[in-house]
There are 2 protein chains.
Amino acid sequence: MDIADTAGAGARPGLRERKKQRTRDALLRAALELFATQGYEQTTVDEIAEAVDVSQRTFFRYFAGKEDVALFSQRIAESHFLAAVRERPPHEAPLEALRMAVLEGWDTIGEAVDAVVPIELHMRTFQLIESTPALLAVHLRRSAELEEEIARVIAEREGLDVDADPRPRVAVAVFGGVMRVTGRLWGAGEDSSVEAIRELTASYLDHVGPALAEKWRTE
Amino acid sequence: MDIADTAGAGARPGLRERKKQRTRDALLRAALELFATQGYEQTTVDEIAEAVDVSQRTFFRYFAGKEDVALFSQRIAESHFLAAVRERPPHEAPLEALRMAVLEGWDTIGEAVDAVVPIELHMRTFQLIESTPALLAVHLRRSAELEEEIARVIAEREGLDVDADPRPRVAVAVFGGVMRVTGRLWGAGEDSSVEAIRELTASYLDHVGPALAEKWRTE
DNA sequence: TTGTCAACTGTCAGTGGCTGTCACTAGCCT
DNA sequence: AGGCTAGTGACAGCCACTGACAGTTGACAA
């Protein structure tokens with residue numbers, strides 16, 4: 001038994017492991033920085049690798065592909081949100097739980113992401129994704145996968161079988177639809193702050209009821 | 001003035017045009033057939049071109065890329081659905097109009113698509129899209145674009161400004177969310193018939209109300 | 001009919017994302 | 001100290017896609 005093995009959370013991984021972590025980190029930041037300044041398509045993998053002074057081959061050993069780097073911090077945000085949903089008190093109605101989870105997710109996104117990437121860069125990357133067709137496509141597919149997971153969580157909360165009762169998936173799909181619109185609109189807008197998308201989300205969720213009403217005209 | 005010019009709808013385009021049409025058609029069918037039998041990723045553009053006996057370069061003159069061919073008949077289906085929405089009587093509530101449009105869209109999908117591709121092949125391709133990550137991603141992005149267009153149509157129906165009132169986009173997003181789930185579930189299931197997805201769609205749309213309810217447990 | 005023009009096509013060369021292979025270097029562990 | 005192996009670079013190769021150029025073939029007028 002070794003000291004490092006007993007050090008618990010503060011365990012210092014070996015030199016090899018630390019080096020790996022540094023390389024992955026450097027690649028990630030270099031990539032996002034390049035994407036943000038030159039655009040995604042205008043940046044080649046060779047450039048990213050060169051900026052970190054490793055071979056292109058090594059880049060592909062750390063990331064599955066160019067898209068993978070671009071969407072890396074998004075993945076963290078996704079699991080952050082998923083965790084928030086799981087922690088919602090069981091007495092809340094499904095849609096209320098989802099609503100609270102996103103809002104709280106946005107409030108605490110900083111702590112979750114900052115360890116890997118500065119939030120400001122994360123948000124700029126989010127905007128980049130919304131305006132880059134190739135990235136948006138993959139992002140949407142992954143969102144669909146996330147929705148499936150969330151649907152299972154909701155079903156469990158309510159003690160239902162996802163495959164037997166359509167409501168979990170429908171509820172999550174409805175919710176996901178609204179999230180997508182807000183993401184798009186936020187990305188197209190000027191204000192790239194976290195607060196901006198948080199408020200937009202809250203506002204749009206409030207309009208789900210009215211949007212489903214039979215008659216929209218009030219007079 | 002030429003006979004061909006006066007023949008109206010039955011106008012016979014020149015030989016050159018006919019040849020082009022035949023090539024495009026041959027490429028499309030060859031591609032879909034190959035995709036259906038070997039899978040999308042296992043099929044190279046060279047194979048498709050070779051099957052039609054044209055150069056690879058020519059393939060790219062007809063289609064923007066490999067994805068483009070795979071999603072070609074989908075595009076027709078999309079505009080078919082969009083047209084159906086536009087033709088809905090103005091007295092229907094937004095969500096009702098959307099619901100009717102899809103259902104009617106499925107009922108008449110045959111006439112719309114068959115001119116270019118046999119429906120059976122079209123439906124098989126749809127399933128292929130759902131099970132091929134790269135295609136699904138692009139499909140979802142295009143669906144998002146379609147939603148934007150539909151939101152404008154809905155806004156116009158109701159005499160609203162899309163950018164001022166959130167309801168059109170929210171309503172369409174909700175609807176789109178449900179459509180996506182049904183598409184996914186249908187794709188994962190056994191029955192690849194048009195009727196199957198039509199019924200699934202109708203059923204899931206009926207569950208939007210219940211899914212948004214405060215309490216799901218009835219007892 | 002013939003000749004000119006423009007559209008369509010094939011060939012070739014090249015870029016960029018991505019993968020397999022293999023030899024070599026450098027942490028790790030005894 | 002020395003063997004083991006994870007991690008890396010160099011190289012070769014596949015595939016989607018693009019630009020450039022030259023050859024071919026319908027379209028159209030003289």
Side-chain angles (χ1 to χ4, degrees), chain A residues 1-7 11-28 30-31 34-35 38-72 132-135 137-138, chain B residues 1-7 11-28 30-31 34-35 38-72 132-135 137-138:
Chain A
M1 187 172 280
D2 191 322
I3 295 179
D5 291 348
T6 61
R12 184 93 168 299
L15 171 58
R16 190 178 253 161
E17 203 59 35
R18 272 178 287 147
K19 233 175 169 179
K20 251 174 45 176
Q21 193 55 48
R22 244 185 297 144
T23 306
R24 159 175 263 107
D25 226 66
L27 280 171
L28 177 60
L34 284 169
F35 292 161
Q38 317 179 347
Y40 176 75
E41 268 129 16
Q42 285 67 46
T43 305
T44 67
V45 174
D46 283 312
E47 268 180 294
I48 301 169
E50 199 171 355
V52 183
D53 207 60
V54 295
S55 71
Q56 192 216 49
R57 196 68 186 81
T58 294
F59 171 91
F60 285 108
R61 288 196 178 99
Y62 282 97
F63 298 97
K66 208 174 140 188
E67 290 167 350
D68 196 39
V69 219
L71 299 173
F72 194 83
T132 306
L135 290 179
V138 179
Chain B
M1 186 172 278
D2 191 323
I3 295 179
D5 291 349
T6 62
R12 185 93 167 298
L15 170 58
R16 188 176 255 162
E17 203 59 34
R18 273 178 286 146
K19 235 174 166 177
K20 252 173 46 175
Q21 193 55 49
R22 244 184 298 143
T23 306
R24 160 175 262 106
D25 226 64
L27 280 170
L28 177 59
L34 283 168
F35 292 160
Q38 315 180 348
Y40 175 75
E41 268 129 16
Q42 285 66 47
T43 305
T44 66
V45 174
D46 283 312
E47 267 180 294
I48 301 169
E50 199 172 355
V52 183
D53 207 60
V54 295
S55 71
Q56 192 216 48
R57 197 66 186 83
T58 294
F59 172 90
F60 284 109
R61 288 198 177 99
Y62 282 98
F63 298 97
K66 208 174 138 187
E67 289 167 351
D68 196 40
V69 219
L71 299 173
F72 194 82
T132 306
L135 290 180
V138 179

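Protein chains get the first letters and strands the later ones, always in sequence-line order, with residue 1 at the start of each. Just so we're clear, the structure is a prediction, and the values are computed from it rather than from any experiment. Just so it is clear, the values below take in all heavy atoms, side chains as well, and ignore hydrogens, waters and symmetry mates.
- Remark: B:Tyr62 is not in phosphate contact with C:dC8, judged by side-chain N or O atoms under 4.0 Å from OP1 or OP2.
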**OP:** Go along nucleotides 12-22 of chain D 5' to 3' and tag each nucleotide: B for a protein heavy atom under 4.0 Å from its base, S when only backbone or sugar atoms are that close, - otherwise.
**Re:** ---SSBBBB--

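- The separation between A:Asp53 atom CG and D:dT8 atom C1' is 12 Å, rounded to whole Å.
- In terms of heavy-atom proximity, A:Thr43 sits nearest to A:Leu34 at OG1-O, 3.6 Å.
- Side-chain proximity of A:Thr58 to the nucleotides D:dT8, C:dG27, D:dG26 is greatest for D:dT8.
- In plain terms, the two heavy atoms of B:Phe63 and B:Arg24 that are nearest each other are CZ-O, 3.9 Å.
- Across all non-hydrogen atoms, the minimal contact from B:Ala70 to B:Phe35 is CB-CE1, 3.8 Å.
- A:Glu17 places its CD atom 10 Å from the P atom of D:dT8, with the value rounded to the nearest Å.
- At least one side-chain heavy atom of B:Val45 sits under 4.5 Å from a side-chain heavy atom of B:Phe60.
- A donor-acceptor pair is defined here as one N or O able to donate and one able to accept, closer than 3.5 Å; such a pair exists between the side chain of B:Tyr40 and the backbone of B:Glu67.
- In terms of heavy-atom proximity, A:Leu27 sits nearest to A:Ile48 at O-CG2, 3.9 Å.
- Atoms CG (A:Leu27) and P (D:dG7) sit 14 Å apart, rounded to a whole Å.
- Between B:Arg16 atom CZ and D:dG26 atom C1' there is a gap of 4 Å when expressed in whole angstrom units.
- Neither OP1 nor OP2 of C:dC8 sits under 4.0 Å from any side-chain N or O of B:Lys19.
- The distance between atom CG of A:Asp68 and atom P of C:dT19, rounded to the nearest whole Å, is 11 Å.
- Summarising the geometry, the separation between CD1 on A:Ile48 and C1' on C:dG17 is reported as 11 Å, rounded to the nearest angstrom.
- Nucleotide C:dG16 holds its P atom 9 Å from the CD atom of A:Glu47, rounded to whole Å.
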